Number of protein chains: 2
Amino acid sequence: MPDAANSPGARPTLRDVAQRAGVSAMTVTRVLREDSRVSAATRERVLASVAELGYRPNTVARSLRLGRGSGLVGLVVTNLANPFYSRLALGVDSVVGPHGLKTVIGNTRQSVEHERDLVADLVGRRVDGIVVVPAGGDQRHLAQAAAQGVPVVCASRPPVGFPADHVLVDDHGGARDATERLLALGHRRIGFLGPPASVHTSVERLRGYRETLAAAGVAADERYVRQGPVDVAAAEAAAGELLALAEPPTALFCSNNRNTIGAFRAVSRAGLTTALAGFDDFELADMLGLPLSVQSYDSDELGSEAGRLLLDRLRGGARDAPPRRVVLPTRAIQYGTPRPLA
Amino acid sequence: MPDAANSPGARPTLRDVAQRAGVSAMTVTRVLREDSRVSAATRERVLASVAELGYRPNTVARSLRLGRGSGLVGLVVTNLANPFYSRLALGVDSVVGPHGLKTVIGNTRQSVEHERDLVADLVGRRVDGIVVVPAGGDQRHLAQAAAQGVPVVCASRPPVGFPADHVLVDDHGGARDATERLLALGHRRIGFLGPPASVHTSVERLRGYRETLAAAGVAADERYVRQGPVDVAAAEAAAGELLALAEPPTALFCSNNRNTIGAFRAVSRAGLTTALAGFDDFELADMLGLPLSVQSYDSDELGSEAGRLLLDRLRGGARDAPPRRVVLPTRAIQYGTPRPLA
DNA sequence: CTGTTAGCGCCTTCAC
DNA sequence: GTGAAGGCGCTAACAG
């Protein structure tokens, strides 16, 4: 009887295997851990017993006994449906997975409150570490987790009020480059479209945009700045407003791909040739029929870097190293042929 | 000293709290579980002690003691970077999350071997259940997990060789509708583009396409069928081949959005007006400048339905119900104005 | 080479 | 109202 399910739901234990093989539980452990020297004969018997019972060691009990963590890494993001975050998740998982760690997802739906509950839950589950894209400014719960000995790595946004490893994108540099490209084409009336100021990346990208304009001697015009849209529809509306101004911008810098796509829709619908520069690459960007430059980077790299930082704390010697910061560069991609301003 | 980290990494235990409050561990448990009647005074002292130590109950130990599962749901997909799967993940998580279950992700990268290892690992972690999009035809490892008492729910593809709840999309019906739309426009030379026959959905959609053609009295032409492309580049190449035939198809039915996008690129590059019908909606589909009909459905619904089926097995009375099947309908979306064949 | 003892952190059972 | 045992499944540390 290969897999006699004696009582459904009652999974066999180490003891069951031992008893069936006529040895002690300890011996079974040894065989399973390929530990010390066990006689070939015994090993055979034990393995047979394991197979017959369909025994699978209980990792939970094991990790409890060993005093280690649960072999889980918590991943906390605002919206996993966003490919940006799912790639990030994959990046984390691809790095920690080979080390026997599984990734637990936590979706906060932009709510700091959810984030706090999630982190508390993850800490309770004794995750070995947490990778988080903080949803808001209040990060006390993260500080607390870190203080309780759970390594925290922030991705995309820096930790606030406590030390932690973090991985950022070169938001400022990317925004500078994007803006410079528009300036180089002769544009002076350049609009800005991006998420609200509560989003760290948006702040940095806006700063890069402003500083670049200032450095080029272009007067800032706050009418051209729309910090707010988080989805395509809102971005399209906001872009439409800018384009409808008496003296509309001749170019738009869009600080993420939601805004770029929204802007594209608005420009396209209005039948204009407003130049576009954006942050984040996206599929079909090359087929839009408008020249477009984007600042691109792989979000899975954000994840894999975060995973590496975490592993260093867990396995490497970086257990008590001072907090580290990794900044990923962006690279410019030009779609279509840029048109100099007439 | 609010959170004196006595020894970093050594998290306080129930006993520590008890000792500090001058009570027994049992009493602390009671307070935490809001169990029996504990004197208000004791409760106060315990809670204070909890707060001061920053104590967080160890869920791992708890679930071990209670003999329950780990409060985890395993999610096994081939590629989380694909928005299809990340939405599915979110759907699962949104349903099981409110029941205190967390979702653990497992990415198989299309490898059945990885899938087997992953499932084994998840079972070892005593997940309460598994939602899986099976990567291949060999599902013995899933059967085994199910046999060991871990409820398995298949999404997008049915279980093979063992009974299990599953959620499918109406692949056949959607393909029929898509093909009928092309026939209605007067097309008779209709090509098919889709993933290899190892993918269940592809088989069903191809079947729907073939049966619909046959029903309309259109002779099948196997030169027009390309079952293989899994990414945009391969799809574009395959579409290019079809378009380059001596007697090219006047319309293409693409059985997923990778193939639709690839076909669009090929058609667009060739400057043709080949009609397109696809499966799966995708962003910017409306901006492509070609008429296109797609069979759309929400993959998060696949996930949430799967989550519900799983919950029924875990919490509901469906513990030992016969396996159930849920089929989600598709709905047609028309982008642009369809052009009847001249 | 193999077995016994003890206990990870928690909670059910039974006493007081 | 509260506490003392005992054990969930597993494995270090020590026997033998």
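Letters go in sequence order (proteins before strands), and every chain restarts at 1. None of the values given here were measured: they were computed from a predicted structure.
Asp121(A) meets the side-chain hydrogen bond (donor to acceptor under 3.5 Å, both in side chains) test with Arg125(A); sequence neighbours excluded. With sequence neighbours excluded, the residues forming a side-chain hydrogen bond (donor to acceptor under 3.5 Å, both in side chains) with Thr103(A) are Asp93(A), listed by chain and number. With sequence neighbours excluded, the residues forming a side-chain hydrogen bond (donor to acceptor under 3.5 Å, both in side chains) with Arg325(A) are His166(A), listed by chain and number. Residues satisfying the side-chain contact (heavy atoms from CB on, under 4.5 Å) test with Ser156(A), not counting sequence neighbours, are Phe84(A), Val133(A), Thr201(A), Leu302(A). In this structure, Asp128(A) has no salt bridge (Lys or Arg N to Asp or Glu O under 4.0 Å) partners at least two apart in sequence or on a different chain. Residues meeting the side-chain contact (heavy atoms from CB on, under 4.5 Å) test with Arg140(B), sequence neighbours left out: Asp138(B). Taking Ser39(B) as the reference, Thr42(B) meet the side-chain hydrogen bond (donor to acceptor under 3.5 Å, both in side chains) condition, with sequence neighbours excluded. Scanning for side-chain contact (heavy atoms from CB on, under 4.5 Å) contacts around Glu113(A) gives Ser111(A), Arg116(A), with sequence neighbours left out. Under the side-chain contact (heavy atoms from CB on, under 4.5 Å) criterion, Arg68(B) pairs with Arg62(B), Leu66(B), sequence neighbours left out.
A sub-4.0 Å separation between OP1 or OP2 of dC10(D) and a side-chain N or O of Thr13(A) is present. When the side-chain nitrogen and oxygen atoms of Thr27(A) are compared with OP1 and OP2 of dG3(C), one or more of them lie within a distance under 4.0 Å. The side chain of Thr42(B) places an N or O atom within less than 4.0 Å of a non-bridging phosphate oxygen (OP1 or OP2) of dT2(D). OP1 or OP2 of dT2(D) has at least one side-chain nitrogen or oxygen of Ser39(B) nearer than 4.0 Å.
Summarising the geometry, the separation between CZ on Arg68(B) and P on dG9(C) is reported as 20 Å, rounded to the nearest angstrom. Taking atom CZ on Arg11(B) and atom P on dG9(C), their separation rounds to 10 Å, with Å as the unit. If you take CG of Leu64(A) and P of dG9(C), they are 7 Å apart, rounded to a whole angstrom. One atom, CZ of Arg56(A), and another, C1' of dG9(D), lie 15 Å apart when rounded to the nearest Å.
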Under 3.5 Å for both distances, Watson-Crick or G-U wobble, that's the pair rule; now give the dot-bracket for DNA chain D, with | marking pairs to another strand and [ ] for crossing ones. ||||||||||||||||
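More than 12 heavy-atom neighbours from other residues, nucleotides or ligands sit within 6.0 angstrom of CZ on Arg324(B).
Val60(A) comes within 4.0 angstrom of no nucleic acid atom, judged by non-hydrogen atoms across all strands.
Interface residues of residues 116-129 of chain A facing DNA chain C, ordered by number: none; criterion, heavy-atom separation under 4.0 Å.
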Summarise protein proximity over nucleotides 11-16 of chain D in one line of letters, 5' to 3': B for base, S for sugar-phosphate only, - for none, counting protein heavy atoms closer than 4.0 Å. BBBB--
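A donor-acceptor pair under 3.5 Å is absent between the side-chain atoms of Arg87(B) and the main chain of Ser299(B), judged by distance alone.
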